[in-house]
Number of protein chains: 2
Amino acid sequence: MQNIRIEKTTCPKEKPGNDNPLTFGTIFTDHMFEMDYEVGKGWYDPRVVPYHKLEMEPSCMVFHYGQEMFEGLKAYKTEDERVLLFRPDKNIERANRSNSRLCIPEIPEDVFLDALKAVVNVDQDWIPTKPGTSLYIRPFVIATDPFLGVRPSYTYKFMIILSPVGAYYASGLNPVKIWIEDEYVRAVKGGIGEAKTGGNYVASLASQVKAHDEGYSQVLWLDGVHRKYIEEVGAMNIFFKINGVVVTPDLNGSILPGVTRNSVISLCKEWGIPVEERQISVDEIVKAGKNGTMEECFGTGTAAVISPVGELRFGDDRMPIGGGKIGELTQKFYDTITGIQLGEISGPEGWIVEVK
Amino acid sequence: MQNIRIEKTTCPKEKPGNDNPLTFGTIFTDHMFEMDYEVGKGWYDPRVVPYHKLEMEPSCMVFHYGQEMFEGLKAYKTEDERVLLFRPDKNIERANRSNSRLCIPEIPEDVFLDALKAVVNVDQDWIPTKPGTSLYIRPFVIATDPFLGVRPSYTYKFMIILSPVGAYYASGLNPVKIWIEDEYVRAVKGGIGEAKTGGNYVASLASQVKAHDEGYSQVLWLDGVHRKYIEEVGAMNIFFKINGVVVTPDLNGSILPGVTRNSVISLCKEWGIPVEERQISVDEIVKAGKNGTMEECFGTGTAAVISPVGELRFGDDRMPIGGGKIGELTQKFYDTITGIQLGEISGPEGWIVEVK
Ligand SMILES: Cc1ncc(COP(=O)(O)O)c(C=O)c1O
Ligand SMILES: Cc1ncc(COP(=O)(O)O)c(C=O)c1O
């Protein structure tokens, strides 16, 4: 593997000012990372280049057979201008697990990490610093063979693009309302639910549209076999605090193993808070929601970090949680994790990787 | 909706000669159809233009969230040089059912049909005429918003590309060996299995690779809930002739409603052959395979039309079918459907649409 080649832009774009609130995922920086793959040759020509459009054959396999993988993580700038990544090793590991399920060639871990650092380093002036903002990093691979027919592609492109982002929810850290879905299914054991790939997200749209129409901002999925056990939210894992115990669905093969989820579980253990990863039936949740033992509920994900949940709705049952307020533990997780991400609190060994 | 604008190429490519056998899905014609969509504006600017690369933002939603739909059908040229499409109305209907599941805006049926005719007409000299060859037509839609975040795209591109093709299986009309999958799952009720979209195909790759390694050319899927009932093959529906009765899985919500499947069922009814669409357990198939009542087995799909199956394998059970020969009824379906497609046999009302 050669070193990463760096070609800087000659016409930098204007950066978003600090005055307008940043939205999520609409603005991209001056550069991107790119690397190609060919069977027999492996991954080659890693490079940071000016952000540019892709020239693609209409027959490219990614347009037809969905062979694509993505990741999402963030870079933060500290008060003293250091640039930090949060647990990038976890995203790299997960990317390769996704790749393997999707028959996409694995990306050498060291190259992946170097690529993240290189592109973030080049565009570090794009990292916003207002509270709640950060630089969202989107690594992704697409299948590029110009071929119609179902088989793994022989060529791929790996890219990393960067987007300065504000709060994921325009409403900020406010409790969201969540719709428990009983008609559509996102994923099933033996399928691709564990992988971070487009097919899982397009599968979720119809339900999401329905939930939005009813005034709910996210969908909570049930398992595809029994239609009974809690899985995860659109782009977050889900946690409940019931009777003093933090519970979250176990990684059963059809949910995404979230990095934030893993971090919350680690913090529970460090703090001595009882935490259980196990099968959770929707009946248990409805019961806890109604009998007052559901103390808190929150989603975990890179985009919003911790999202307090203020209401769960299942069929005709509406379960308000926390009386419109953010739960105490929920707030503590938010403060701690964002504190670690910003270098203000020291977290467990290895959680923070500095870009130099 | 305006009329379809036609812009012809000034540098036509060389067509594949009649000497080399055509492969599947590797060569594309001189032109393509293109039409764009924007929320508030609808579908606009339908056009036949020279085949060209697409310029795409790396943030285009199709690369990340899998919002894409495709179809597949064929055009044939008759001895007297007429150009025929086989049941395009069925593909158009199915495309819009897929679109609706995937939150992609529907395409007006008349525009879709006009588009098919217009692009095939312009490139009709590309339709090969040797036995077993045809012009494969690939309509598809991709989400084009340059946006990271999970929601339906506000912009789309609908395209139709054309590829002169030979036999789908390099081996021609020979019995294929099929692997019944018991580890991976393709789709589940409530998911997107009924829609023709990339996510279903990428989900099938790992299993397909495993089956290939074992010497099997296709995978037969079991349902995702009970892991017990027969669903369909990679890119085909499946039929069995057991004890004189033709049986195929019913359209239960997780399999693709094939046009060829529908045609075979219609022909059975016309010919007075008993045909059943119903739940079929893998146990029933293993039993019939072993006790000699499994008389024939074949797959149905646009690419290969009818594929005789010569062996089914489930775990350690190998079930040879038909002693290496193509079943009588299988052959009759192949001859009849390809005969109708080529205009040599007159089929049911409306199955053939001429391009003028
Ligand atoms: C389906 C799904 N579940 C959970 C998560 C949370 O994972 P993480 O904490 O790694 O961001 C995400 C994405 O970010 C997701 O897309
Ligand atoms: C998954 C799947 N099943 C079945 C079929 C057969 O459908 P049709 O006969 O319309 O080609 C196809 C595609 O062609 C397919 O991709």
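Naming: A, B, ... by sequence-line order, numbering from 1 per chain. Because only heavy atoms are used, hydrogens play no part in the values below, and waters and symmetry mates are left out as well, while side chains stay in.
In plain terms, the two heavy atoms of B:K189 and A:V185 that are nearest each other are O-CG2, 3.5 Å. For A:L205 against B:P152, the heavy-atom pair with the smallest separation is CD2-N, 3.8 Å.
Other residues, nucleotides and ligands contribute over 12 non-hydrogen atoms within 6.0 Å of the OH atom of A:Y51.
Counting heavy-atom pairs under 4.5 Å between each of A:K157, A:R101, A:M32 and chain B puts A:R101 at the top. Contact tally against chain A (heavy-atom pairs below 4.5 Å) for B:Q67, B:H212, B:K53, B:H64: the top residue is B:H64. Interface remark: of the candidates A:A235, A:A203, A:G191, A:A203 forms the most heavy-atom pairs closer than 4.5 Å to chain B. Chain B forms more heavy-atom pairs under 4.5 Å with one residue of A:A195, A:C103, A:P146 than with any other, namely A:C103. Interface check for chain A: of the options B:G234, B:G66, B:G199, the most heavy-atom pairs under 4.5 Å are formed by B:G66. Each of B:G198, B:G224, B:C60 has some count of heavy-atom pairs under 4.5 Å with chain A, and the biggest count is that of B:G198.
Contact annotation for A:V62: both backbone and side-chain heavy atoms come within less than 4.5 Å of a heavy atom of chain B. Heavy atoms closer than 4.5 Å to chain B are found in the side chain of A:Q208, but not in its backbone. Both the backbone and the side chain of A:P58 come within contact range of chain B, judged by heavy atoms closer than 4.5 Å. With a 4.5 Å cut-off on non-hydrogen atoms, A:M61 does not touch chain B at all. Both the backbone and the side chain of A:R151 come within contact range of chain B, judged by heavy atoms closer than 4.5 Å. The contact between A:L54 and chain B is made by backbone and side chain atoms together, counting heavy-atom distances below 4.5 Å. For A:I161, the part lying near chain B is the side chain, with the backbone staying farther off; criterion is any non-hydrogen pair under 4.5 Å. Of the two parts of A:I192, only the side chain, counted from C-beta on, holds a non-hydrogen atom closer than 4.5 Å to a non-hydrogen atom of chain B. Looking at A:S204, only its side chain comes within 4.5 Å of chain B, counting heavy atoms on both sides. Within the 4.5 angstrom heavy-atom criterion, only side-chain atoms of B:V209, from C-beta onward, approach chain A. Of the atoms belonging to A:F70, it is side-chain heavy atoms, and not backbone ones, that fall under 4.5 Å from chain B.
Aromatic rings from A:F28 and B:F147 are positioned such that their centres are separated by 6.0 Å or more.
Scored by the side chain to side chain donor-acceptor pair (under 3.5 Å) test, B:S100 finds no partners at all (sequence neighbours excluded). For B:D223, the side chain to side chain donor-acceptor pair (under 3.5 Å) criterion is met by B:H226, not counting sequence neighbours. By the side chain to side chain donor-acceptor pair (under 3.5 Å) test, B:E57 pairs with no residue at all, sequence neighbours left out.
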Practice task
Go through the steps for A:F63 and B:M56 under the test side-chain contact (heavy atoms from CB on, under 4.5 Å), then give the verdict.
Solution key: CA-CA 12 Å; A:F63 296 135; B:M56 311 220 12; 3.5 Å; yes

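The aromatic rings of B:Y201 and A:Y65 sit perpendicular, their planes meeting at an angle over 60°, well past the 30° parallel limit.
Identified by a heavy-atom distance below 4.5 Å to chain B, the contributing residues of residues 132-139 of chain A are A:Y136, A:R138, in residue-number order.
To the nearest 0.5 Å, atom OG1 of residue A:T26 and atom CG of residue B:D145 are 11.5 Å apart.
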